[in-house]
Amino acid sequence: MSIAELSEQEIIRRNSLQELRNMGVEPYPQAGYDVNVTTQDIRDSFDPEKGNFQQVSIAGRVMSRRIMGKASFAELMDEKGRIQLYFNRDEMCPGEDKSLYNEVFKKHLDIGDFIGVKGHAFITQMGEKSIFVKEFTLLSKSLRVLPIVKEKDGVIYDAFTDAEQRYRQRYVDLVVNPQVKDVFIKRAKIINTMREMFNERGYLEVETPILQAIPGGAAARPFITHHNALNIPLYLRVANELYLKRLIVGGFDGVYEFAKDFRNEGMDRTHNPEFTVMEIYVAYKDYFWMMEFTEQMLEKVAMALHGTTKVKIGEKEVDFKAPYRRLTMLDAIKEHTGIDISGMNEDQLRNVCKDLHIEVDATFGKGKMIDEIFGEKCEHHMIQPTFIIDYPVEMSPLCKKHRNNPELTERFELMVNGKELCNAYTELNDPIDQLERFQDQLKLSEKGDDEAMFIDLDFVRALEYGMPPTSGMGIGIDRLTMFMTGQESIQDVLFFPQMRPEKKAKTATPEDFVKIGVPEAWAEHVIKAGYASVEKLQEEKATQIHQKLNGYRKKNKLEITALQLDEVEKWIL
RNA sequence: GAUUCAGUAGCUCAGUCGGUAGAGCACAUCCCUUUUAAGGAUGGGGUCCUGGGUUCGAAUCCCAGCUGGAUCACCA
């Protein structure tokens, strides 16, 4: 990196780095640092009457400094929070040499540096629990300036809020916005709670392929890649459903996977190209059983996270206490439109759509029209957890037909806060029916539906060997985390949401200018004087460049030889 | 993909009618023995997102582009 690209403060920090080395202080020491306490331990448990925490050793990042002559205060932040440090010159440097305090601490320590300190806990005159520092060690120097965020009585000053920077440089976001960490700690807790529950019941956590030759299990556009050695296209999975069911065929009675899926579709507040889904399949169960399982699971997660089943989502309070309401799709439509569509044929449905001002075109079948009516008129009303059950068969090619009505399937989606959270089936295990459903998808594909499912003949073959009755359920972990933590954007529950790559501002280096004949002493200053590229410089007349650069030399009192015009003329030839 | 808003110092933001770019924090220098958004004084720091255009003159007006946000569309 050329010095020309650094800000004033960054240059100062690099100079400090060198000064420290000159003094024999290594800014990036190899040795570890023994830590025997966290900031939280001291905040929670320090009691001067008990006289505890009198030999503490703690490490973290310096987040603020207040220097007043021989005494100074600083804030140290570790993973658990912050604590104030008190530095006193004569305590730290009992002898004649005061350089550890005067030079290392006062001059060359910056906000963002990692240090380790040893000392004892005490309470200041202002009543704040603090550490009286006897010894300190620089553990790692920070060369970039962190945003400064201050807080007083819950009011945050100068918050680091720029969404683009927060997502691109999540590490900075996490350092200065502690509430961000909290969302991700909760996310881990959600996943752990679910995993513990599944393991207690004896279900097996498994891993299945992400690179798939046939991207099955969901209607979605896949990412495509290429395997060189096999010389075949491979797809990033859009779902893991078909692999998990193969494992049920193989004799496992309960399998689950926390899986990253990938869909090459639009991005918005609720969609990221890669996202996490938990799918679970349990043998000898049907979708009624799975509804009970799902509501128990969510109740448990809410309790583990909040100690209550009631969760605030925006202005609304959602109660995850089981059991949840069950409503068939047709009843939901009846409830919210007053129209009973059961038994209607395609033309009748088309008229209903027209009456409800729902746009449909000629290609829409019955299933798709029913789905449209539900999406337009019902979905957003489902604030409290509600199981919507019994979907039209056209929409669910992997789901078993309804035991009482062949036009429907035994499927449920769990709606929360007007959005889909879970999707589950009594799984289709009739291989002949499955093949026909795949063939129907192929017809859709031939009509131009680029999201129709591929035919997976190996999956059909697996079903031909026999799969026990099985129920399966999938739940979006990102969306669940959004609900459980009150975040409105998926970007706030992913550490590194997908972003368009940062464009490197193409800036010339001094070497580029040296190549066209610019003296080395001048190269850096040519850039600083405003010539961002060689081309830019060569567009101008030699006389103009000559004047501008010598003017720059004079203005900045540079101690380098002034340029001659004939010299400059040679650069632009 | 459409509409719309935004992009100015390391960070958060002002910037009037088009007339040489401002504040707070951070930073530097000096002074200062326990401060709490927290010492005081002084000072330095800018590709006003990029490229065109209009103009004597553009951070400001116009056009195009880049990046991000929001809304909508698409998306089980």
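- B/A21 and B/A58 are spaced 13 Å apart, taking the C1' atom of each and rounding to whole Å.
- Taking atom P in both B/A64 and B/A2, the straight-line distance is 13 Å, to the nearest Å.
- Checking B/G68, B/U34, B/C27 against every side-chain atom of A/Arg500, the shortest atom distance belongs to B/G68.
- With B/A76, B/U12, B/U67 as the choices, the nucleotide that has an atom nearest any side-chain atom of A/Glu164 turns out to be B/U67.
- Partner assigned to B/G51 is B/C63, using Watson-Crick or G-U wobble distances below 3.5 angstrom.
- For the C1' atoms, the distance from B/G18 to B/U55 is 9 Å, rounded to whole Å.
- No engagement by A/Glu379 is indicated, since no non-hydrogen atom pair under 4.0 Å with the nucleic acid exists.
- Note on A/Phe122: a base of the nucleic acid sits closer than 4.0 angstrom, heavy atoms only.
- Under a 3.5 Å cut-off, the side chain of A/Ser99 and the backbone N or O of A/Glu103 do not form any donor-acceptor pair.
- Rounded to a whole Å, the CG atom of A/Asp261 is 15 Å from the C1' atom of B/C75.
- For the C1' atoms, the distance linking B/A26 with B/A38 amounts to 14 Å, nearest Å.
- Side-chain N/O atoms of A/Ser130 and base N/O atoms of B/U34 include no donor-acceptor pair closer than 3.5 Å.
- Only one option out of A/His402, A/Arg411, A/Met473 pairs with A/Tyr287 in a side chain to side chain contact (heavy atoms under 4.5 Å, CB included); it is A/His402.
- Side-chain atoms of A/Pro147 lie closest to B/C11 of the nucleotides B/C11, B/U35, B/G68.
- Nucleic acid contact class of A/Arg168 (heavy atoms, under 4.0 Å, all strands): sugar-phosphate only.
- Between the side chain of A/Thr328 and the backbone N or O of A/Asp331 there is at least one donor-acceptor pair closer than 3.5 Å.
- Between the P atoms of B/C11 and B/G46, the separation comes to 14 Å (whole Å).
- Only A/Arg66, A/Ile67, A/Met68, A/Gly69, A/Lys70, A/Ala71, A/Phe73, listed by number, bring a heavy atom of residues 60-73 of chain A to less than 4.0 angstrom from any atom of RNA chain B.
- Only the C1' atoms considered, B/G40 is 14 Å distant from B/U35, to the nearest whole Å.
- For A/His271, counting side-chain heavy atoms from C-beta on, the closest listed nucleotide (B/G68, B/C75, B/U12) is B/C75.
- A donor-acceptor contact under 3.5 Å is formed by the side chain of A/Gln84 with the base of B/U35.
- For the C1' atoms, the distance from B/C25 to B/A9 is 12 Å, rounded to whole Å.
- In the region residues 392-401 of chain A, proximity to RNA chain B at under 4.0 angstrom, judged on heavy atoms, holds for A/Met395, A/Pro397.
- Sequence neighbours left out, the pairs with a member in residues 470-483 of chain A that pass side chain to side chain donor-acceptor pair (under 3.5 Å) are A/Arg187-A/Asp478.
- A/Arg269 comes within contact range of the sugar-phosphate backbone alone, with a heavy-atom separation under 4.0 Å but no base atom that close.
- If you check every strand for non-hydrogen atoms under 4.0 Å, A/Met267 touches nothing.
- For A/Met126, whose side chain is taken as the heavy atoms from C-beta onward, the closest listed nucleotide among B/C11, B/A76, B/U35 is B/U35.
- When Watson-Crick and G-U wobble pairs are counted only if both distances are under 3.5 Å, B/A2 pairs with B/U71.
- As judged by a 4.0 angstrom heavy-atom cut-off over every strand, A/Asp268 is placed among the base-contacting residues.
- Of the C1' atoms belonging to B/U33 and B/G39, the separation is 12 Å, rounded to the nearest Å.
- Listed nucleotides: B/A76, B/C25, B/G69. Nearest to the side chain of A/Ile148: B/C25.
- Nucleic acid contact class of A/Glu265 (heavy atoms, under 4.0 Å, all strands): sugar-phosphate only.
- Candidate nucleotides B/G44, B/A37, B/U36 were compared by shortest atom distance to the side chain of A/Glu8, and B/G44 ranks first.
- The pair A/Lys401-A/Glu407 does not count as a salt bridge, with every side-chain nitrogen at least 4.0 angstrom from each carboxylate oxygen.
- With a 3.5 Å ceiling on both atom-pair distances, B/A38 lacks any Watson-Crick or G-U wobble partner.
- In this structure, A/Ala159 reaches the sugar-phosphate backbone alone: every heavy-atom distance under 4.0 Å involves primed, P, OP1 or OP2 atoms, never a base.
- Both distances falling under 3.5 Å, in either a Watson-Crick or a G-U wobble arrangement, place B/G43 opposite B/C27.
- Looking at heavy-atom distances under 4.0 Å, A/Glu151 makes contact with sugar-phosphate atoms alone, never a base.
- Here the side chain of A/Lys129 pairs a donor or acceptor atom with the backbone of A/Arg43 at under 3.5 angstrom.
- Along RNA chain B, the nucleotide nearest A/Phe160 and the nucleotide nearest A/Thr124 are compared for position; the residue whose nucleotide lies closer to the 5' end is A/Phe160.
- With distances taken from any side-chain atom of A/Asp110 to the nucleotides B/U35, B/A76, B/A28, the minimum falls on B/A28.
- With a 6.0 Å radius and a threshold of 12 heavy atoms from other residues, nucleotides or ligands, A/Gln54 has its CD atom above the threshold.
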